[in-house]
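Working notes, structure below.
Counting starts at 1 for both ligands and their atoms, in listed order. Count residues from 1 along the sequence.
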Amino acid sequence: MTTRTPTAARFIDTHAHLESEQFDGRQNLVIQTALDAGVQKIIAIGCTWGSSQKSLYLAKQHENVFAAVGIHPNYCSTATDHDWERILAMLEHPKVVALGETGLDRYWDYAPFELQQKYFDRHLRTSQKTGLPFIVHMRQCEQEILEMLQKARQRGPLRGVMHSFTGDSVTASNCLDLGMYISFAGMVTFKKNDALREVAAMIPANRILLETDCPYLSPHPYRSKRPNHPAMIVHTAQCVADVRGVSLEEIGIQSTQNACDLFKRLGGNDDNTKSGA
Ligand SMILES: [Zn+2]
């Protein structure tokens with residue numbers, strides 16, 4: 001597995017598809033490699049009832065792994081109401097830290113858009129009812145996402161994150177105004193993505209999160225290496241630190257604090273260090 005020289009910096013990978021079959025049989029190695037690289041905690045993401053169940057299983061097996069449970073927009077046409085009920089039943093478990101991933105996706109067009117909206121609405125309402133944060137996937141439907149978030153915001157405060165954010169600065173500002181956190185994955189490191197790095201530079205320090213979205217999208221300079229895995233978060237963190245003019249340690253402390261603030265069931269920051277920013 002590819003890692004960089006050990007660093008004192010500490011991170012939380014807030015979005016990892018650890019339940020992906022690409023990790024089958026080697027989750028222990030992947031998790032240990034991440035711990036060795038300074039990744040203190042990993043949120044394993046659910047996309048269907050089955051993968052949510054697998055994520056929770058991994059969370060129960062590993063102290064440093066936590067689970068998000070939900071129905072991904074690309075999978076909602078295969079989801080049943082019974083699946084949704086079983087996901088709701090999982091929310092009681094203390095290692096379930098979030099709902100998701102949810103959101104909307106016009107790029108793949110795997111599920112009717114109205115059905116995607118129905119499931120996104122269910123996640124939003126459940127978040128507002130339970131206080132558990134939600135994780136948003138947004139692909140080629142920024143306007144529709146914003147409209148639904150604005151509608152939900154009229155009902156009450158929003159606790160959520162725009163995951164693997166690739167939108168522009170206007171969309172980012174709109175999301176921030178609604179109370180959302182913004183999370184960056186490997187794409188921010190890609191050479192041609194100067195515009196995205198500018199967005200990463202402008203996010204307020206207390207609203208920025210980091211993730212790998214593994215096994216997809218390995219960061220530069222390991223773009224061709226697959227699968228991506230949680231230890232690779234260091235490269236994304238270094239890129240974000242550089243554009244923000246802070247140290248790797250600083251972005252680690254700040255983003256870890258933010259993750260603990262948003263995903264309250266993660267518990268406190270293990271290092272007990274507070275950022276001065
Ligand atoms: Zn994802």
Side-chain angles (χ1 to χ4, degrees), residues 11-24 27 30-31 34 39 41-59 65-79 83 87 90 96-111 116 119-120 122-124 127 132-142 145 160-167 175 180-190 196 208-219 223 226-233 235-236 255 259 262-263 266:
F11 308 99
I12 292 179
D13 185 353
T14 60
H15 198 109
H17 292 273
L18 273 189
E19 95 301 348
S20 163
E21 57 192 23
Q22 296 195 48
F23 295 128
D24 276 355
Q27 281 105 351
V30 166
I31 292 164
V39 179
K41 293 173 184 176
I42 302 168
I43 302 180
I45 306 294
C47 291
T48 61
W49 169 69
S51 82
S52 296
Q53 194 186 35
K54 200 167 163 187
S55 292
L56 181 54
Y57 173 80
L58 289 168
V65 176
F66 297 78
V69 298
I71 308 282
H72 189 289
N74 290 340
Y75 296 98
C76 55
S77 55
T78 59
D83 289 349
I87 280 172
M90 288 180 194
V96 171
V97 298
L99 278 154
E101 63 182 284
T102 179
L104 302 171
D105 190 323
R106 277 204 193 279
Y107 179 79
W108 288 108
D109 204 26
Y110 282 158
Q116 295 185 33
Y119 271 94
F120 186 27
R122 281 179 166 184
H123 287 79
L124 291 171
S127 166
L132 271 180
F134 57 93
I135 298 170
V136 180
H137 166 103
M138 173 174 75
R139 196 142 183 210
Q140 291 191 2
C141 49
E142 308 199 351
I145 291 267
V161 55
M162 306 303 294
H163 111 82
S164 197
F165 189 80
T166 55
C175 293
M180 300 291 291
Y181 287 70
I182 309 282
S183 180
F184 293 93
M187 273 182 287
V188 76
T189 69
F190 295 177
L196 188 56
I208 194 164
L209 296 178
L210 299 173
E211 63 173 275
T212 57
D213 204 10
C214 64
Y216 318 107
L217 297 164
S218 300
R223 228 179 133 170
R226 295 201 184 121
N228 186 15
H229 56 100
M232 302 278 257
I233 199 168
H235 305 289
T236 299
S255 59
L262 177 63
F263 304 107
L266 286 177

Ignoring hydrogens and angles, state whether a donor on the side chain of H137 or Q116 is under 3.5 Å from an acceptor on the partner side chain.
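No - no donor-acceptor pair under 3.5 Å links their side chains.
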
For atom CZ of R122, decide whether the heavy atoms of other residues, nucleotides or ligands shown that lie under 6.0 angstrom number more than 12.
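Counting other residues, nucleotides and ligands, CZ of R122 exceeds 12 neighbours.
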
Report the name of the N/O/S atom of E101 located nearest to the Zn ion (ligand 1).
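Nearest N/O/S atom: OE2.
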
Only N/O/S atoms count here: what is the atom of D213 closest to the Zn ion (ligand 1) called?
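Output for this pair reads OD1.
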
Report yes or no: does K54 contribute a side-chain atom to a donor-acceptor pair with the main-chain N or O of E19 at less than 3.5 Å?
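Yes; judged by distance alone, with no hydrogens or angles, the pair exists.
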
Once rounded to 10°, what is the value of the angle centred on the Zn ion (ligand 1) between H15 NE2 and H17 NE2?
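Output for this angle: 100°, rounded to tens.
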
Output field: ring centroids H72/Y75 closer than 6.0 Å:
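So the answer is yes for these two rings.
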
